Amino acid sequence: MEKTYQPQQLEANWYKTWEERGYFAPQGNGDPYCIVIPPPNVTGRLHMGHGFQHAIMDALTRYHRMLGCQTLWQVGTDHAGIATQMVVERQLNAAGTSRQEIGREDFVKKVWEWKDESGDIITQQLRRLGSSLDWSRERFTMDEGLSKVVEKVFIDLYNEDLIYRGNRLVNWDPKLLTAISDLEVVSEEEDGSMWHFRYPIAESDEHLVIATTRPETLLGDSAVAVHPEDPRYTHLVGKFVDLPLCGRRIPIIADDYVDPEFGTGCVKITPAHDFNDYEVGKRHDLEIINILTKQASINDEAPEAYRGLDRFEARKKIVEDIEELGLLEKIEPHKLKVPRGDRSGVVIEPYLTHQWYVAVQSLADPAIKAVENGDIEFVPKNWENTYFAWMRNIQDWCISRQLWWGHRIPAWYDENDKVYVGADEASVRAAHGLGDDIQLRQDEDVLDTWFSSALWTFSTLGWPDETEFFDKFHPTNVLVTGFDIIFFWVARMIMMTLKFTGQIPFKKVYITGLVRDENGQKMSKSKGNILDPIDLIDGISIEDLLAKRTADMMQPQLKQKIEKATKASFPDGIAAYGTDALRFTFYSLASTGRDIKFDLGRTEGYRNFCNKIWNASRYVLMNMEGKSVSDAAHHAPHFSPADRWITSRFESTAKQIEECMESYRFDIAAQTLQEFVWNEYCDWYVELSKPVLWDDEANPEAAAAARFVLLSILEKSLRLMHPFMPYITEEVWQRIAPLLGINGDSIMLQPFPIPNADNLDAQAEESIEWIKGVIVGVRNIRGEMDISPAKTINVFLRSENQIDKQRLDEARVFLQKLAKLNSIDWLEPDAPAPTAATQLHGQLEILVPMAGLIDVAAEQARLDKEIAKLEGGIKAVGGKLGNAKFVDNAPEAVVAKEREKLAEMESAVTALRTKREELAALA
RNA sequence: AGGCGCGUAGCUCAGUUGGUUAGAGCGCUACCUUGACAUGGUAGAGGUCACCAGUUCGAAUCUGGUCGUGCCUACCA
């Protein structure tokens, strides 16, 4: 074995082996256990969120597989309509052409080529994480089977009037030229202005003042509204204003949508370009005047002077023209929320178009109930509130997109725009008796990618035609995902799955936090603070990292800033930590909070932990050279307290891990494992085994027993850790298991350790605690008194408690080795003791004779410190016990515990004071 | 505006139903290459648990408020 753990080669080898041997497919006949992957974008790249969520899903998957469940982690990708189309369009533009130029058919062909070319990047990256996904069942939202489900669902919903086509305002992206759903709009506060314009009142010399943040929409105004009870304006209601620049006369209406306190209390109403105005317009039967083209420039409905201008140019010109007319009252700086497309970043226009919608209310009701009645549970539970809040106020879902990449809407129109929905043109013709003389054209639009994602749990499992897997694995057990897509995906899956299968899609939803950078910032390409999980596994130089973070920048002016920040955070680049260390970092950070600041220091710590495991294994293997072990029954009679202790500690650990898995507390699991392996197995048990193994000849049976325990606890620990650290555990297990006569092909198919309370051994734990206490006591004196660790020393032990004497007999060899002692002498309570540095362990006095070793003043200081500490404790506990209310009210056990504590501290402080006085007399 | 969350050691975070003299890792200090490991070992320093008030025998933990901070939803013409 190498002296340090080298993850690089063995990770790739093991993953390949597991995959080739088909270990990821469900097997056996245990209970089914299933997780579906949140489908990543097929042409995308792995990010930290994937890393985090896959670490968790893989731990759950491997855990249940080892528990003997038939376990399926269903893999697949989605087609990411807008994102993918944008990438391919950019490629076309770079090549000097465009999608319009090459046409729909060729464009879609190009996208498929791009998918084939780049689609396996992300799936290869998922493999690097060790994810035990069943690749034999890989699905893609655009593949034939899934597309058929999408089609069926669309048609069925249409036939039930749950999908309809409507002409209304949508969120329109004037750059991508498509509608998007309200979830795809991000509104952030930006600096803008509030323009106050005077609108002349018709047939009078008066005017009123409206306030607007979007002057250009003036061209589409069809009324001015005031509050019905606003005394300033009641006399104007029913009159008209002459709309400047347009030569139109529009009514002044009363509507309590208007907030009299805000602005001037007069609102211009532009029904075609504002969601609220649209509603006002409907109530008052106002004209809807669309003044924008799809690209958001001014169209021919507007006065000639403005036609063809971009919306922002038009704004400028209109303000100038208003000012020229003397109608500009004032301009005030104003902060407002500007809606932008989450993909394009441009300002979204409310725009009147025909789109397809899902009427979600009737789907939402059962989906709400499923969570209310506990059929589906969120972990942590408080996310249910977020879900309810959205679901109870849900809006119809705009599902059509003006894109070419996606599931084309199965709807055809005749010459009169009458719509027919069906699987294909032939079946539409047949169903509606349309002869060949009637021209039909298919709807140009495709469906929102989330529409197909909403069907993911059942479409990937073969519903509705091949239901073997569906019958076995649906509902799935748990969905692991980020809170940012509860609305986009989780809620919609629940609605659609209930509707079509009558089942919930999953029993639990484990919501992870969002991985942020070392400063708590959200990671994003534009901020240049992305960490690539693969770079943490393989390492990356600072040069490559800088190049990666500043490549293809949307905002090149940020380059210097990004470089500076990157150099500050990673002056030497990033070391190669390996997959297991990265995964363990994710577990350790997977607590219940919603932000996860990624801390590379922890990854380094867990890399070191891997090395610790590696070296402990080396130690065990070295000690097995030329030796063999039998079974537990054979060795048990020769077990030392240390052997029984570590066995007992293992059981407690296994029990805790079981609880952590049930409660999804991977952070506690990680800490528990590290604590056991490092602080108990390595720090103590391995050390305690040394005197026994090195004195093999004196007691060969004891040495053999120790070897057996070293080996078997290591082997069991590897199985306990395997769901979290698949690679190192496999590699080491392959070397260790045969020595125990275990013949398995892979640790991942071995049983997970089931806690066995029979192995708990309180007596052994007490014995070892005693030994540890004595050793730590001596080390403490050495450390504080500056005695070289190389120097062997003599100690005396003294106690009134005979148990201490008995314990010394069984512990002598351990103490000698671990505390580096020359002699250990027992003193009876009344025997005279040499002048010594003293440390107490319970009633036991640990005495290190001072002659030539210890400075009196230093020992006095040390004792003073110890006494002061005890006095603090006595004061606190004594105060408690002196309080009658505490003694009367607190549970008896609590009071008894406090009394015991007090008694111990008092006797300790007495003993130390005596020592202190003896030293004082000496000085 | 409403909702949710957070504020514990220099940093990143645990802290179960109130019962500890408040924990871990990293970092820091001192010493040490001893036959698994310097990606290591040993010992140690470091916190009035944001603040205030309340409930209680007892509060990091429960209640109310204040301050700071982050996010989500709705919306402001």
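Just the heavy atoms: all of them, side chains too, but no hydrogens, waters or symmetry mates, feed the values below. All figures in this text were calculated on a predicted structure; none of them were measured in a lab. Proteins get letters first, then strands, A, B, ... in listed order; numbering begins at 1 in each.
Comparing B:rA77, B:rG40, B:rA43 against the side chain of A:Glu784 picks out B:rA43 as the nearest. When the nucleotides B:rA14, B:rC72, B:rU12 are ranked by their closest atom to the side chain of A:Phe487, B:rC72 comes out on top. Taking every side-chain heavy atom of A:Lys885 into account, B:rC57 is the closest of B:rC76, B:rA14, B:rC57. Between B:rA14, B:rU21, B:rC57, one nucleotide has an atom nearer to the side chain of A:Glu898 than all others, and that is B:rU21. Comparing B:rG41, B:rU12, B:rC75 by their closest approach to the side chain of A:Asn276 singles out B:rC75. Of all nucleotides listed (B:rA14, B:rG25, B:rU73), B:rG25 comes nearest to the side chain of A:Asn679. Side chain of A:Lys337, nearest nucleotide from B:rG25, B:rA74, B:rA77: B:rA74. Across B:rC13, B:rG25, B:rC32, the shortest atom-to-atom separation from the side chain of A:Ser591 is found for B:rC13.
Scanning for side-chain contact (heavy atoms from CB on, under 4.5 Å) contacts around A:Phe487 gives A:Leu183, A:Thr386, A:Trp390, with sequence neighbours left out. Annotation: ring-ring contact (aromatic ring centres under 6.0 Å, His included) contacts of A:Phe52 (sequence neighbours excluded): A:Phe586.
Using cut-offs of 30° and 60° for the angle between ring planes, the A:Tyr587 and A:Phe666 rings count as tilted. Taking the six-membered ring for Trp and thresholds of 30 and 60 degrees, A:Trp678 and A:Phe609 have nearly parallel ring planes, at less than 30 degrees apart.
Between A:Tyr577 and B:rU39, a side-chain N or O to OP1/OP2 separation shorter than 4.0 Å is absent. Within the 4.0 Å cut-off from OP1 or OP2 of B:rC57, not a single side-chain nitrogen or oxygen of A:Lys880 is found. For A:Asn780, a side-chain nitrogen or oxygen approaches OP1 or OP2 of B:rG44 to under 4.0 Å. Residue A:Arg607 places none of its side-chain N or O atoms closer than 4.0 Å to OP1 or OP2 of B:rG25.
Ionic pairing of A:Glu731 and A:Arg735 is present here: one or more N-O contacts between side-chain nitrogen and carboxylate oxygen are shorter than 4.0 angstrom. Salt bridge status for A:Arg311 with A:Glu349: present, with a side-chain N to carboxylate O gap under 4.0 Å. Using a cut-off of 4.0 Å between Lys/Arg side-chain N and Asp/Glu carboxylate O, A:Asp667 and A:Arg665 are scored as salt-bridged.
At a non-hydrogen distance threshold of 4.0 Å, A:Phe886, A:Asn889, A:Ala890, A:Pro891, A:Val894 from residues 886-896 of chain A come into contact with RNA chain B. The stretch residues 219-226 of chain A does not touch RNA chain B, since none of its heavy atoms comes less than 4.0 Å from the strand.
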Protein and nucleotides 35-37 of chain B: nitrogen or oxygen contacts under 3.5 angstrom:
unit_1 : atom_1 : unit_2   : atom_2 : d
B:rA36 : OP1    : A:Lys690 : NZ     : 3.4
B:rA36 : O2'    : A:Asn615 : OD1    : 2.5
B:rA36 : O2'    : A:Arg618 : NH1    : 3.0
B:rA36 : N7     : A:Lys690 : NZ     : 3.4
B:rA36 : N6     : A:Cys682 : O      : 3.4
B:rA36 : N6     : A:Glu687 : OE2    : 3.0
B:rA36 : N3     : A:Asn615 : O      : 3.2
B:rA36 : N3     : A:Ala616 : N      : 3.3
B:rC37 : O4'    : A:Asn615 : OD1    : 2.9
B:rC37 : O4'    : A:Asn615 : ND2    : 3.4
B:rC37 : O2'    : A:Asn611 : ND2    : 3.1
B:rC37 : O2     : A:Lys612 : NZ     : 2.9
B:rC37 : N3     : A:Lys612 : NZ     : 2.9

Restricting both atoms to N or O, compile the protein contacts to nucleotides 2-8 of chain B shorter than 3.5 Å, with distance only.
unit_1 : atom_1 : unit_2   : atom_2 : d
B:rC4  : O2'    : A:Arg594 : NH1    : 3.4
B:rC4  : O2     : A:Arg594 : NH2    : 3.4

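Below the 3.5 angstrom threshold, one finds no donor paired with an acceptor across the side chain of A:Arg779 and the base of B:rU42.
Counting only distance, with no hydrogens or angles, the side chain of A:Asp274 and the backbone of A:Asp277 share a donor-acceptor pair below 3.5 Å. Proximity of a side-chain donor or acceptor of A:Arg782 to a complementary backbone N or O of A:Ala819 within less than 3.5 Å is detected.
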Practice task
Treat a base pair as Watson-Crick or G-U wobble with both distances under 3.5 Å, then lay out RNA chain B in dot-bracket form, 5' to 3', with | for cross-strand pairs.
Solution key: (((((((..((((.....[...)))).(((((.......))))).....(((((..]....))))))))))))....

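Both A:Glu261 and A:Tyr5 sit near RNA chain B, but only A:Tyr5 has its closest nucleotide nearer the 5' end.
Residue pairs meeting the salt bridge (charged side-chain N to carboxylate O under 4.0 Å, His left out) criterion with at least one partner in residues 673-685 of chain A, sequence neighbours excluded, are A:Arg649-A:Glu680. Listed by first and then second residue, the salt bridge (charged side-chain N to carboxylate O under 4.0 Å, His left out) pairs involving residues 382-397 of chain A are A:Glu372-A:Arg392, A:Lys381-A:Glu384 (not counting sequence neighbours).
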What pairs of donor and acceptor atoms, side-chain ones from residues 330-338 of chain A against any protein atom, are under 3.5 angstrom apart with sequence neighbours left out?
unit_1   : atom_1 : unit_2   : atom_2 : d
A:Lys330 : NZ     : A:Glu332 : OE2    : 3.2
A:Glu332 : OE1    : A:His196 : NE2    : 3.3
A:Lys335 : NZ     : A:Asp191 : OD1    : 2.7

Give the table of side-chain donor-acceptor pairs shorter than 3.5 Å for residues 887-905 of chain A, with sequence neighbours excluded, one pair per line with atom names and distance.
unit_1   : atom_1 : unit_2   : atom_2 : d
A:Asn889 : ND2    : A:Lys885 : O      : 2.9
A:Glu898 : OE2    : A:Lys901 : NZ     : 3.2

Side-chain donor-acceptor pairs under 3.5 Å in residues 258-273 of chain A, sequence neighbours left out?
unit_1   : atom_1 : unit_2   : atom_2 : d
A:Asp259 : OD1    : A:Glu261 : N      : 2.9
A:Thr264 : OG1    : A:Val209 : O      : 2.4
A:Thr264 : OG1    : A:Cys266 : N      : 3.2
A:Lys268 : NZ     : A:Thr217 : OG1    : 2.6
A:Lys268 : NZ     : A:Asp221 : OD1    : 2.9
A:Lys268 : NZ     : A:Thr270 : OG1    : 3.1
A:Thr270 : OG1    : A:Asp221 : OD1    : 2.7
A:His273 : NE2    : A:Asn290 : OD1    : 3.3
A:His273 : NE2    : A:Ile291 : N      : 3.0

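For the atom pair CD1 (A:Ile253) and NE2 (A:His284), the distance works out to 4.0 Å, reported to the nearest 0.5 Å.
A:Thr512 has its side chain out of reach of A:Tyr664: every pair of non-hydrogen atoms, C-beta onward, lies at least 4.5 Å apart.
A:Trp614 has its ring centre less than 6.0 Å from the ring centre of A:Tyr5.
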